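The structure appears right after this line, and notes come after that.
Since the structure is predicted, the reported quantities are computational estimates derived from the model, not experimental observations. Naming: A, B, ... by sequence-line order, numbering from 1 per chain.
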2 protein chains.
Amino acid sequence: MSTSVDILKRSDLRKTPFRIRVLDYFILQPHAAVRNTDLEQNIGDFDRITLYRTLKTFEEKGIIHEVVDGSKDQKYALCHHDCKVHISDGDHAHFSCKLCGNTYCLDSVGELNIQLPSNYVLDKVQVMLSGTCDNCK
Amino acid sequence: MSTSVDILKRSDLRKTPFRIRVLDYFILQPHAAVRNTDLEQNIGDFDRITLYRTLKTFEEKGIIHEVVDGSKDQKYALCHHDCKVHISDGDHAHFSCKLCGNTYCLDSVGELNIQLPSNYVLDKVQVMLSGTCDNCK
DNA sequence: TTCCAGATGCAATGATGTTGCAAATATACT
DNA sequence: AGTATATTTGCAACATCATTGCATCTGGAA
């Protein structure tokens with residue numbers, strides 16, 4: 001498991017206290033997507049604008065990726081070492097729990113048999129599941 | 001094919017000029033999701049707040065449903081007479097074209113074989129496809 | 001220690017969506 | 001048709017979320 005400092009070094013980013021705090025928060029939630037507002041409430045004293053820029057930088061460097069789960073909230077998740085989400089979602093899926101509101105990244109949901117109308121070119125598939133998660137059941 | 005007036009009458013809504021203009025715009029795009037801003041730009045003189053409220057009313061009455069296509073934009077599509085989207089998405093899928101930005105509702109995309117981690121309860125499946133549509137190819 | 005590109009904080013601005021209330025109007029009733 | 005009323009609309013104000021420009025600060029290398 002990489003530490004925040006490892007990740008920053010690998011990405012040619014300066015190891016500032018703020019970035020380390022943000023990354024640490026992500027590392028604590030390895031399978032859950034993180035809401036922008038979760039971060040705002042949990043990383044203590046900070047500047048909201050800096051958070052936006054930090055997340056944008058992390059996304060550009062491939063450290064995190066945006067998670068689309070059907071909600072209006074902007075969410076991000078830590079990319080794993082084999083993360084290809086920012087290139088193509090493949091069979092990546094997200095599960096959003098209706099009770100706790102958490103969104104989990106699922107590595108695979110099985111085979112999808114997509115049939116498109118003719119002349120449509122398929123490039124990316126995103127599957128959003130919702131229901132009740134293990135914890136809330 | 002129902003007219004705007006038919007739909008309003010069926011839904012116990014007053015037939016105001018504004019509502020008819022909005023519904024007419026939806027009827028012109030039977031398979032595409034409509035962005036909030038598309039409406040703002042295409043239905044002429046109007047009040048932004050009234051549009052929000054109109055769309056909300058239409059959604060509550062089951063005339064339109066919100067379309068989640070992965071973009072940040074709020075989009076709506078006309079419900080067909082057999083529309084169950086506001087109840088459960090079933091195998092409903094949306095295709096978003098990267099070139100023209102339009103989102104199309106696809107009635108079926110084939111069989112999905114979803115395998116969830118144990119103890120997860122699946123309630124709703126939303127599939128978002130993106131690529132190039134017939135027109136743009 | 002010094003230097004400077006990169007990172008941060010602040011102020012201002014823009015986009016988007018909501019609420020309260022008064023004026024306008026669609027519809028039902030006489 | 002005329003009237004009453006509940007609904008609908010438009011305006012003002014407000015709340016939230018995100019972005020940009022710029023001055024200041026700082027991590028990291030010389």
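Distance B/Phe46 CZ to D/dC11 C1': 14 Å, rounded to the nearest Å. The distance between atom CG of A/Leu51 and atom C1' of D/dT16, rounded to the nearest whole Å, is 15 Å. In this structure, CG of A/Asp47 is placed 17 Å from P of D/dA23, rounded to the nearest angstrom. The CZ-P distance, from B/Phe18 to D/dC11, rounds to 12 Å in whole Å.
The base of D/dG10 lies close enough to the side chain of B/Arg53 for a donor and an acceptor atom to sit less than 3.5 Å apart.
Looking at heavy atoms from C-beta onward, A/Leu78 lies in side-chain contact with A/Leu23 at the 4.5 angstrom threshold. Within the 4.5 Å cutoff, no side-chain heavy atoms of A/Phe58 are placed close to those of A/Ile7.
A donor atom on one side chain and an acceptor atom on the other are found under 3.5 Å apart for B/Thr103 and B/Lys75.
Remark: A/Gln74 is not in phosphate contact with D/dC17, judged by side-chain N or O atoms under 4.0 Å from OP1 or OP2. Considering only side-chain N and O atoms, B/Thr54 lies nowhere under 4.0 angstrom from the phosphate OP1 or OP2 of D/dT8.
Closest approach to the A/Ile49 side chain among C/dA11, D/dA18, C/dT19 is made by C/dA11 (side chain taken as heavy atoms from C-beta onward). Distances from the side chain of A/Tyr52 to the nucleotides C/dA7, C/dC10, D/dA18 place D/dA18 closest.
Between A/Tyr104 and B/Tyr120, the two ring planes are perpendicular [angle over 60°; tilted spans 30° to 60°].
Projected onto DNA chain C by closest heavy-atom contact, B/Asp73 and A/Asp12 fall at different nucleotides, the more 5' of which corresponds to A/Asp12.
Base contact: A/Arg48 has a heavy atom under 4.0 Å from a base atom.
Side-chain atoms of B/Asn42 come within 3.5 Å of backbone N or O of B/Asp38 as a donor-acceptor pair.
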Using a 4.0 Å heavy-atom cut-off, write out nucleotides 23-30 of chain C from 5' to 3' as B (base contacted by protein), S (sugar-phosphate only) or - (no contact).
--BBS---
For B/Ser4 and B/Arg19, what are the C-alpha separation, side-chain angles and deciding distance, and is it a side chain to side chain donor-acceptor pair (under 3.5 Å)?
CA-CA 8 Å; B/Ser4 308; B/Arg19 285 179 175 164; over 6 Å; no
